[in-house]
Amino acid sequence: MKASRNPLAALWWVPRGLVFGLMAFFIFGPLFNLLLWTVAEKWYFPHSLPLEYGFSSWAKVFAPRGGAVESLTNSIVVALLTVVVSLLLAIPAGYALARLKLPLRGLILLAFLIPQAFPNLTVYVNVARIFYEIGLNGTIPGVVMVHVSHGLVYAVWIATAAFSAIDAELEQAARNIGAGAMRTFLDVTLPLAAPGLMASAIFVFLESLDEFTGSYFVGAPDVNMLPLLLYTAGAGGNYQIASITALLLLVPSLVFMLIVERFLKADVLSRVGH
Amino acid sequence: MSRRLLGLTLVLPALAVIAFLFILPLIMSAVGAFQVDGAFGWGNFEKTFDLYTKDIVFTVVIVSISTVLIGIASIAIGGYLTLGEHPVAVAILRWLYRWPMFIPFIVVGQILRTFLSKNGMMNNVAINLGLLTPIDAVSFLDWRGIVIAFVWKQTPFVALLVAGAMASINRETIDAARNLGASRLRVLIEIVVPQVGTTLTVGLILSFVTMMSVLSVPLMINAQTPTMLTADIAFRVNSYGDYGVANALGLISLLLASSVAWIYLRASLKERS
């Protein structure tokens with residue numbers, strides 16, 4: 001810490017302040033702008049700030065025919081179902097990948113990354129065609145299945161890491177005193193893996209809540225979701241409604257970002273993808 | 001039941017989802033790209049290059065510029081977090097840079113559309129500070145808007161990976177170089193960056209593919225021509241029901257994404273041999 005004893009060191013805060021200030025402006029400026037739009041009653045060129053503030057757009061969005069209540073309900077129902085289905089698939093898969101001898105284990109883990117590693121737009125276009133043939137297009141189960149395929153990488157990778165972070169001797173001890181394999185899994189392994197599984201549930205929930213492309217091709221126009229409402233409101237030039245919808249999508253993302261470290265401990269995090 | 005068989009049975013349902021909901025449609029799209037009215041042929045590609053050559057170039061240029069900028073920004077952030085000497089400044093940066101990471105692309109599109117427009121907040125602040133006259137204010141809602149949106153959203157992700165890799169480098173070489181009088185910038189470029197090359201490339205390739213797949217940002221920030229391939233695919237399907245050209249465009253973006261991954265693989269193989 002030679003620098004801090006030097007009286008000139010304080011001068012370093014000038015460039016630092018400039019750079020951090022610019023960064024803060026470009027990160028928080030757009031977010032603050034969004035907040036302003038949600039409460040702007042009147043705002044037009046050339047005024048830098050809204051002329052009138054109020055909550056009439058909020059009332060409009062949440063009015064029975066405003067569409068937001070339906071979209072919000074759909075989004076949450078789809079996200080919760082996606083979490084349930086993903087975990088039902090990921091818990092056995094993660095346990096097997098962490099504990100049992102599997103041939104081609106590395107390749108199996110990589111397979112779940114495929115939906116994130118290829119440009120997925122035409123895939124959704126073709127999924128929509130398949131779903132159309134079998135009557136799943138424009139239904140909630142159809143959207144849930146698309147979201148599951150996309151979120152499964154988080155569910156499986158984090159579940160695998162969570163199970164492999166558990167000390168195998170604890171399971172062995174339960175087996176030694178006479179517990180069956182299923183009993184051991186439910187009473188020992190699952191509770192110990194719970195924080196990691198919670199983290200994977202959070203990731204899958206967010207991934208589903210924010211997903212636009214799949215919902216756009218498979219869900220619209222029959223299943224309205226928040227990102228679709230945001231898109232149509234924005235395309236129609238209604239920035240108040242678009243901004244309120246954006247805020248509804250933003251808040252869970254930021255809250256989860258702040259709490260996810262509580263569930264995703266370093267011992268699990270360091271095993272993700274291994 | 002043997003443990004192997006049990007393991008495969010437990011993994012199979014999850015793998016089946018990937019196979020039927022991703023790999024099968026991916027194959028369908030590759031096959032569909034060569035189908036014209038039920039017969040195989042190059043028709044879709046001829047039409048695609050006739051109509052969309054400009055957009056293909058535009059997409060490659062936009063995504064490449066964004067990838068380079070994301071790389072530079074994340075090296076700068078990771079480098080300061082690793083080599084910065086003032087704990088308070090490092091803590092401020094650590095707190096600051098992560099915010100956009102979890103913000104969904106569709107929200108990024110919306111907030112930057114209002115922020116970057118001709119009478120948006122960025123221009124307004126510059127005008128109020130006297131840096132710009134109202135007549136000189138221009139809208140950034142063109143290719144620059146897309147680049148800004150991509151860099152804004154993807155930098156924290158790559159920076160997080162890079163900073164993590166930099167933190168696990170052996171400190172002794174860094175301290176030794178510093179003691180011998182090397183500047184921090186030189187230490188960053190000659191010692192730190194070469195050691196995190198793999199992590200940086202993986203992060204940038206993942207970002208490249210993500211940017212190739214994003215539909216909402218080009219739709220919301222710049223939907224006029226030239227635009228990105230994702231917007232063209234959506235347009236072909238929604239307006240014309242033209243799955244042939246849409247699939248051909250999809251296959252082209254797939255080839256672009258995999259060629260980047262291929263260049264990386266070849267470079268890393270050469271390095272090892």
Side-chain angles (χ1 to χ4, degrees), chain A residues 3-4 12 16 20 23-24 27 29-31 33-34 37 45-46 48 89-90 92-93 95-97 100-103 108 111-112 114-115 117-123 125-127 129-130 145-146 148-149 152 156 206 210 212-213 216 227 230-231 234 239 242-243 246 249-250 253-254 256-257, chain B residues 3-4 6-8 10-11 13-15 17-18 21-23 25-26 28-29 32 85-86 89 92-93 96-107 110-115 119-122 124 128 134 152 209 212-213 215-216 219-220 230 233-234 237 243 246-247 249-250 253-254 257:
Chain A
S4 54
W12 268 107
R16 268 184 211 142
F20 289 161
M23 268 182 83
I27 291 172
L31 294 172
N33 200 25
L34 172 86
W37 268 110
F45 188 72
S48 336
L89 292 166
Y95 184 79
L97 286 163
L100 305 173
K101 291 267 175 293
L102 277 179
I108 294 175
F112 293 105
I114 289 175
F118 286 97
N120 50 29
L121 195 68
T122 38
V123 170
V125 169
N126 286 285
V127 167
R129 281 177 93 182
I130 302 176
M145 285 172 76
V146 169
V148 166
S149 73
L152 212 49
V156 171
L206 279 185
D210 301 340
F212 173 71
T213 318
Y216 181 76
L230 163 52
Y231 174 67
Y239 284 178
S243 299
L249 287 172
L250 191 61
S253 306
L254 291 181
F256 282 142
M257 180 187 79
Chain B
R3 281 170 75 87
R4 265 191 162 191
L6 176 69
L8 279 182
L10 291 177
V11 176
L15 276 178
V17 169
I18 302 291
L21 288 176
F22 204 90
I23 296 175
L26 191 68
M28 274 176 66
S29 104
E85 274 162 4
H86 201 293
I92 291 175
L93 183 63
L96 194 59
Y97 86 95
R98 282 198 219 182
W99 283 87
M101 186 159 52
F102 287 108
I103 297 177
F105 267 112
I106 181 122
V107 174
Q110 173 61 28
I111 64 178
L112 287 180
R113 170 155 72 185
T114 49
F115 185 74
N119 47 351
M121 184 178 265
M122 190 177 71
N124 277 330
N128 286 333
W152 198 84
V209 174
M212 294 285 300
S213 322
L215 172 65
S216 48
L219 278 189
M220 296 180 89
T230 46
I233 295 172
V237 169
Y243 288 93
N247 282 328
L249 284 167
S253 58
L254 186 69

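Take A/Leu250 and apply the side chain to side chain contact (heavy atoms under 4.5 Å, CB included) test, not counting sequence neighbours, and it matches A/Leu31, A/Leu34, A/Leu247, A/Leu254, B/Ile103, B/Val107.
When each of B/Gly7, B/Gly32, B/Pro25, B/Ala234 is scored by its heavy-atom pairs under 4.5 Å with chain A, the top score falls to B/Pro25. Counting heavy-atom pairs under 4.5 Å between each of B/Leu249, B/Thr114, B/Leu26 and chain A puts B/Thr114 at the top. Chosen from A/Asn120, A/Val156, A/Val127, the residue pairing most often with chain B at heavy-atom distances under 4.5 Å is A/Asn120. With respect to chain B, the highest number of heavy-atom pairs below 4.5 Å among A/Ala96, A/Ala24, A/Ala93, A/Ala111 belongs to A/Ala93. Put simply, of B/Arg4, B/Met28, B/Arg113, the one with the most heavy-atom pairs under 4.5 Å next to chain A is B/Arg113. Between chain B and the options A/Thr213, A/Leu230, A/Val146, heavy-atom pairs under 4.5 Å are most frequent for A/Leu230. Among A/Leu206, A/Leu97, A/Ile108, the residue making the largest number of heavy-atom pairs under 4.5 Å with chain B is A/Ile108.
At a 4.5 Å heavy-atom cutoff, the contact between B/Ile23 and chain A is made by side-chain atoms alone. For chain B, the nearby part of A/Leu102 is the side chain; its heavy atoms alone come within less than 4.5 Å. Of the atoms belonging to B/Trp152, it is side-chain heavy atoms, and not backbone ones, that fall under 4.5 Å from chain A. Looking at B/Met122, both its backbone and its side chain come within 4.5 Å of chain A, counting heavy atoms on both sides. Heavy atoms closer than 4.5 Å to chain A are found in both the backbone and the side chain of B/Tyr97. Within the 4.5 angstrom heavy-atom criterion, atoms from both the backbone and the side chain of B/Ala89 approach chain A. Using a 4.5 Å cut-off between heavy atoms, B/Ile106 contacts chain A through both its backbone and its side chain. Proximity to chain B is limited to the side chain of A/Ile130, based on heavy atoms less than 4.5 angstrom apart.
No donor-acceptor pair under 3.5 Å is formed between the side chain of A/Asn33 and the backbone N or O of A/Gly29.
For A/Tyr231 and A/Phe212, the ring centers sit closer than 6.0 Å to each other.
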